[in-house]
Every structure is written in structure tokens, then in C-alpha cells.
Novice: 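Just passing along the structure, written as C-alpha cells.
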Amino acid sequence: EASLGTMPDFNYSGDGIRVEAVLPESAASAAGLLAGDVLLSFNNVVVDNLQVYSNLLRESEPGDNVRLDVLRGQELIQLRATLRQR
């Protein structure tokens with residue numbers, strides 16, 4: 001199963017998914033994702049809840065290169081991540 005290597009903030013309510021923690025040596029860490037970032041889309045698919053995010057990861061394979069649209073503070077940034085084995 002593919003993994004980005006993030007721990008979501010389960011108490012966050014708003015657009016996207018807020019990243020509470022980024023696991024060391026993970027795809028998210030290598031891509032530059034930071035704790036506090038809000039993941040808005042995954043390969044151009046809007047991520048509006050954890051279920052959508054889980055499904056997108058489940059449909060992906062380790063080694064897939066994905067585009068992440070992320071809100072960091074007030075800035076919208078794009079990152080690329082190569083998914084790893086869970």
C-alpha cells in the first residue's frame with residue numbers, strides 16, 4: 001500500500017486536511033511537506049475529508065509521483081512527492 005507519510009490533524013475542520021506531523025524518511029518529508037500545512041488536492045483531486053484522502057492513497061502505488069496542492073500559511077504551493085511503501 002502506498003504511503004505519503006503524514007499524520008492528519010483529526011480535530012481540524014476546514015478545507016483540505018491539516019498535517020499534524022510528517023514522518024521522518026517519508027515521501028512527505030522528501031517532498032518538503034511540513035507540519036501545519038493543509039493538503040488541498042492530491043493529483044488534482046480535491047481532498048475535502050480524510051476518507052477521500054485514504055481512498056486516493058489506497059488507489060495509488062508505491063513509486064507513483066503525485067502532485068500536491070498545499071496551503072502553507074496564506075501561500076498556495078505545489079509539491080511533488082514519490083509515494084513510498086507503507
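Below, all heavy atoms of this structure are taken into account, side chains as well, without hydrogens, waters or symmetry copies.
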Novice: Just wondering, more than 12 heavy atoms not from E1 lying within 6.0 Å of its CD?
Specialist: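 For E1, atom CD is crowded (more than 12 foreign heavy atoms under 6.0 Å).
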
Novice: Tell me whether L57 is reachable from Y12 by hopping between hydrophobic residues (I, L, V, M, F, W, Y) whose side-chain heavy atoms are closer than 4.5 Å.
Specialist: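 Y12 does not cluster with L57.
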
Novice: Do L68 and L40 belong together in a cluster built from hydrophobic side chains that touch within less than 4.5 Å?
Specialist: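 No, L68 and L40 fall in different hydrophobic clusters.
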
Novice: Backbone N or O of G5 within a donor-acceptor pair of the S3 side chain at under 3.5 Å?
Specialist: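 Yes: the side chain of S3 pairs with the backbone of G5.
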
Novice: So how far is it from N49 CG to I17 CD1, rounded to the nearest 0.5 Å?
Specialist: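 Result: 7.0 Å between the selected atoms.
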
Novice: Side-chain donor-acceptor pair under 3.5 Å between Q51 and N55, yes or no?
Specialist: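 Q51 vs N55: donor-acceptor pair found between side chains.
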
Novice: Do the non-hydrogen side-chain atoms of V22 and D37 ever get within less than 4.5 Å of each other?
Specialist: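 They are not in contact (no side-chain heavy atoms under 4.5 Å apart), so the answer is no.
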
Novice: Could you check if a side-chain atom of T6 sits within less than 4.5 angstrom of a side-chain atom of L39, using non-hydrogen atoms only?
Specialist: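 Heavy-atom side-chain distance check fails, nothing below 4.5 Å.
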
Novice: Where do R80 and A31 come nearest, in terms of heavy atoms and distance?
Specialist: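 It is O-CB, 3.2 Å.
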
Novice: For E20 versus A35, what's the shortest heavy-atom pair and its separation?
Specialist: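 Nearest pair, atom of E20 first, then A35: O-CB, 3.3 Å.
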
Novice: Restricting to non-hydrogen atoms, name the atom on A81 and the atom on A27 that form the minimum distance, rounded to 0.1 Å.
Specialist: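 Nearest heavy atoms, A81 then A27: CB-O, 4.2 Å.
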
Novice: From L71 CG over to L76 CG, what is the distance, rounded to the nearest 0.5 angstrom?
Specialist: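 Here the rounded value is 6.5 Å.
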
Novice: Do the side chains of V70 and M7 join up, straight or via other hydrophobic residues, at under 4.5 Å, putting them in one cluster?
Specialist: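 Per the 4.5 Å side-chain linkage, V70 and M7 are not co-clustered.
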
Novice: What's the shortest heavy-atom distance between A2 and P62, and which atoms?
Specialist: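 Heavy atoms only, the tightest pair is CB-N, 3.8 Å.
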
Novice: About how many Å separate CD of E61 and CD of Q85, when rounded to the nearest 0.5 Å?
Specialist: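 If I round to the nearest 0.5 Å, the distance is 9.0 Å.
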
Novice: Can you check whether V19 reaches L34 side chain to side chain, under 4.5 Å on heavy atoms?
Specialist: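 With C-beta onward as the side chain, the pair stays apart.
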
Novice: Side chains of L4 and L83, heavy atoms from C-beta outward: is any pair under 4.5 Å?
Specialist: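 Yes, close enough: below the 4.5 Å cut-off.
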
Novice: Give the cluster check for F42 versus V38: same hydrophobic cluster or not, with ILVMFWY residues linked at side-chain heavy-atom distances below 4.5 Å.
Specialist: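 Hydrophobic grouping puts F42 apart from V38.
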
Novice: Report yes if some heavy atom in the side chain of R67 is under 4.5 Å from a heavy atom in the side chain of N44; otherwise report no.
Specialist: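 The answer is yes, as the side chains (C-beta and beyond) meet within the 4.5 Å cut-off.
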
Novice: Compare every heavy atom of V46 with every heavy atom of V52, then report the nearest pair and how far apart it is.
Specialist: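 Closest approach of V52 to V46, heavy atoms only: CG1-O, 3.7 Å.
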
Novice: Kindly indicate whether the side chain of F10, heavy atoms from C-beta on, has any atom under 4.5 Å from the side chain of L50.
Specialist: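 They are in side-chain contact.
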
Novice: In terms of heavy-atom contacts, does CG of N43 have more than 12 from other residues, nucleotides or ligands at under 6.0 Å?
Specialist: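 Result for CG/N43: enclosed.
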
